[in-house]
Each structure stands twice: as structure tokens, then as C-alpha cells.
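To keep things clear, I will list the structure first and then write my remarks on it.
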Amino acid sequence: MTPTGLDPKRTVPVSELADPWPDDGYAQPGACYADHDCTYQGHLLFACPGCGRVGSIRAGEQKPPSPSWQIVSGSLREPMTLTLIPSIHCIGCCGWHGFLTNGVFVSC
């Protein structure tokens, strides 16, 4: 999937990403890979909410060494419930900036 409907101010609920690494590097904006088998333990694989470019961030209940995010609530195994701090700034693509709160990517 190539980027469509680019919107660096998009607010979108998390959806499940079926394949963590699409061949072209893009997925439905806001899609996340639920790490049920712990293959990517400690990382959230997600598609940028603004453009759909797939990437990952390191997160934990205790904030890992930077750059990283603290899990406030929810689980990497269930990203539809996840709240992270601080904000997420997608660099290297459309520049989306916002928060993941209760399973919703909310633009700043």
C-alpha cells in the first residue's frame, strides 16, 4: 500500500496490523502489530497515523533508556488499549505528532 490520504493532523483509532512489515513499508494509518508471541518484545510496531509508514518505538512499564516511551496503561500485546507518554513525533515521513491514548492516536 502506498501512502494515500496523507494527513499529518489525523486522529485515528488503533487497528490491527496483520503483517508487521508490509513489502512496500506502508500500511493503513494507525495500524499496530499486537505482539502476542513477543517476537518484538519491548517494541510497538505501528503505521504512522498521518501517512501509514511502518516503524517501531521502544516502550515499557518503566521507561527504557531513551529514545523510548512509558506505558501508562494497556499492553503492547493489546495496542487497542495502550496509552504511552511522552508524545510520538513521526520523523522521516509526514511529521505526524501526537499521543497514543487509550488505543487512539490523537494529533497535537
Side-chain angles (χ1 to χ4, degrees):
M1 174 187 304
T2 57
T4 58
L6 178 69
D7 182 357
K9 289 292 189 180
R10 185 185 333 252
T11 291
V12 61
V14 168
S15 60
E16 187 141 359
L17 179 61
D19 180 359
W21 298 114
D23 289 339
D24 66 359
Y26 287 88
Q28 179 67 34
C32 288
Y33 180 66
D35 191 10
H36 298 297
D37 64 2
C38 297
T39 304
Y40 303 100
Q41 187 172 15
H43 287 81
L44 175 68
L45 281 70
F46 72 103
C48 171
C51 68
R53 183 173 177 202
V54 177
S56 71
I57 57 175
R58 184 172 33 175
E61 291 180 14
Q62 300 296 319
K63 188 176 183 305
S66 291
S68 65
W69 287 258
Q70 181 178 350
I71 297 172
V72 175
S73 63
S75 163
L76 292 176
R77 292 176 183 248
E78 297 179 43
M80 289 76 160
T81 66
L82 197 56
T83 296
L84 299 177
I85 55 171
S87 65
I88 299 168
H89 187 196
C90 296
I91 55 175
C93 59
C94 72
W96 183 89
H97 184 215
F99 292 89
L100 177 55
T101 305
N102 296 322
V104 178
F105 286 103
V106 180
S107 176
C108 286

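All values below come from the heavy atoms of this structure, side chains included, with hydrogens, waters and symmetry mates left out. All figures in this text were calculated on a predicted structure; none of them were measured in a lab. Numbering of residues begins at 1 and proceeds along the displayed sequence.
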Which residues pass the side chain to side chain contact (heavy atoms under 4.5 Å, CB included) test with I85, sequence neighbours left out?
-> Q70, V72
With sequence neighbours excluded, what pairs up with S107 under the side chain to side chain contact (heavy atoms under 4.5 Å, CB included) test?
-> K9, T11, W96
State, to 0.1 Å, how close P22 and V54 come at their nearest heavy-atom pair, and which atoms those are.
-> CD-CG2, 3.7 Å
I71 and F105: same hydrophobic cluster, using ILVMFWY side-chain contacts below 4.5 Å?
-> yes
In Å, rounded to the nearest 0.5 Å, how long is the span from CD of Q28 to CD of E16?
-> 13.5 Å
S68: side chain to side chain donor-acceptor pair (under 3.5 Å) partners, not counting sequence neighbours = K63
Shortest non-hydrogen pair, V14 vs P79, comes out as CG2-O, 3.8 Å
Which residues satisfy the side chain to side chain contact (heavy atoms under 4.5 Å, CB included) test with P8, sequence neighbours excluded?
-> L6, C94
Partners of S15 by side chain to side chain donor-acceptor pair (under 3.5 Å), sequence neighbours excluded?
-> none
Is there any ring pair (Phe, Tyr, Trp, His ring centres under 6.0 Å) pair reaching into residues 57-81, and which pairs are they, with sequence neighbours excluded?
-> none
Return the minimal non-hydrogen interatomic distance between P29 and P49, and the atom names on each side.
-> CB-O, 3.3 Å
To the nearest 0.5 Å, atom CG of L82 lies from atom OG of S73 at 7.0 Å
Evaluate side-chain contact (heavy atoms from CB on, under 4.5 Å) for F99 paired with L84, printing each intermediate quantity in order.
-> CA-CA 7 Å; F99 292 89; L84 299 177; over 6 Å; no
Ignoring hydrogens and geometry, is there a side-chain-to-backbone donor-acceptor pair from R10 to C48 under 3.5 Å?
-> no
Following the transitive rule for hydrophobic clusters with a side-chain heavy-atom cut-off under 4.5 Å over Ile, Leu, Val, Met, Phe, Trp and Tyr, establish whether V12 and I57 coincide in one cluster.
-> yes
To the nearest 0.5 Å, atom CG of L76 lies from atom CZ of R58 at 12.5 Å
Would a 4.5 Å heavy-atom cut-off, applied to side chains only, mark C90 and F46 as touching?
-> yes
Is I88 reachable from M80 through a run of hydrophobic residues whose side-chain heavy atoms are each under 4.5 Å from the next?
-> yes
